[in-house]
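Taking it in order: structure first as structure tokens, then the write-up.
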Amino acid sequence: MSMEKMTAILEKIREYDRILLFRHIRVDGDCVGATKGMKDIILSTWPDKEVLIIDDEHSDFLAFLGPDDETDDDMPAGYTRYENALYEDALGIVIDVAGPDRVSNPKFVLCKEVIKIDHHIDREPFGDISWVEEDRSSACEMVAAFYAAFRDQLKMSTHGATCLYTGMVTDSGRFMYEGVKGDTMRLAGLLLDKGIDTETLYAHLYLKEAEVLKFTSWVYENMKVTANGVAYIFVDEGTRARFKLSMEEASNSVGYLSGIRGVLCWLAFIETRENIRVRLRSRFMTVNELAENYNGGGHACASGATVYSLDEMNALIADADKRVKEYKENNDGWL
Ligand SMILES: [Mn+2]
């Protein structure tokens, strides 16, 4: 099944002179790595093809993988970047996006043909060819599998391998999440054989500013753990100002609470001018129903919510504590 899809995709890439690559809004390591990796494979194999990634969204965090095709100088001769004609005779490949409304550059619909390559739940199938494998740990893994299937015909540079490896590492939590299979590791091995400088790559991905580590230490000093095993931290506006934290950086504090034995649910409350944003996480048990009761929702073990007072915050904590108690009473094997 997937071999048929991959063969059809290879034929389409062969057929078109211009190929445009698309990804999702709020870019991450996987969608950036997968589009850049695919671009590298196509251009390494067919240097005369035009391959462009046109996206206004960038991440400073991923800038080390190189720029996208942003300026008119990057465009083929005779075209400006937003001209419809640029798209109309092109093949569009959308990678790591579940539904069409999440594609960052909506002009992908203008492409003559569209291919979807994705690993999310296929709620909204789209594209002339749709290759979706929901059990893949990342879209980068799929692009690596595509390369591996045709490695006698395709080329890839060390940079291309680095882009794909970046997405595999970030989307799988450094190969820790459930989706990681034997095939993930075999494909990662194939990429490493291309000569990736992992010391530099991991430095880009994981070094932190000293100021951020001081905030981490503040979180551990100030967190509270309830009787039944809920850890939580309240980051007030004063603390955010003191550590010069963006909303995102303050919200990351929920991750610092993840590794506490016996704590099955952990929460970060971030005070803003209007309300208190909540990040909820859990292992073994789920938290999405809890989030839904407090103006939120999300994934089974990772959700978001909003409360509007300290009373409501305390109610949420008490609710979480009760749920952990119930879970522990009714289940074995948790840690
Ligand atoms: Mn992904």
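Only a predicted model underlies this, so the values are computations on that prediction, with no experimental measurement involved. All ligand and atom numbering here is 1-based and tracks the order in the structure.
Note: His24 and His120 have perpendicular aromatic rings, judged against thresholds of 30 and 60 degrees for the angle between ring planes.
Each of Asp96, Asp122, Asp128 was evaluated against Lys116; a single residue qualifies, Asp122, per the salt bridge (charged side-chain N to carboxylate O under 4.0 Å, His left out) test. The residue from Asp183, Asp171, Thr184 that alone fulfils the side chain to side chain donor-acceptor pair (under 3.5 Å) condition with Arg136 is Asp183.
Inspection of the Thr306 and Asn295 side chains reveals no N or O donor paired with an N or O acceptor under 3.5 Å. One side chain, Lys194 or Tyr147, offers a donor N or O that lies under 3.5 Å from an acceptor on the other. A donor atom on one side chain and an acceptor atom on the other are found under 3.5 Å apart for Ser104 and Asp55.
Legend: protein N/O/S atoms lying under 2.8 Å from the Mn ion (ligand 1), waters omitted, number 4.
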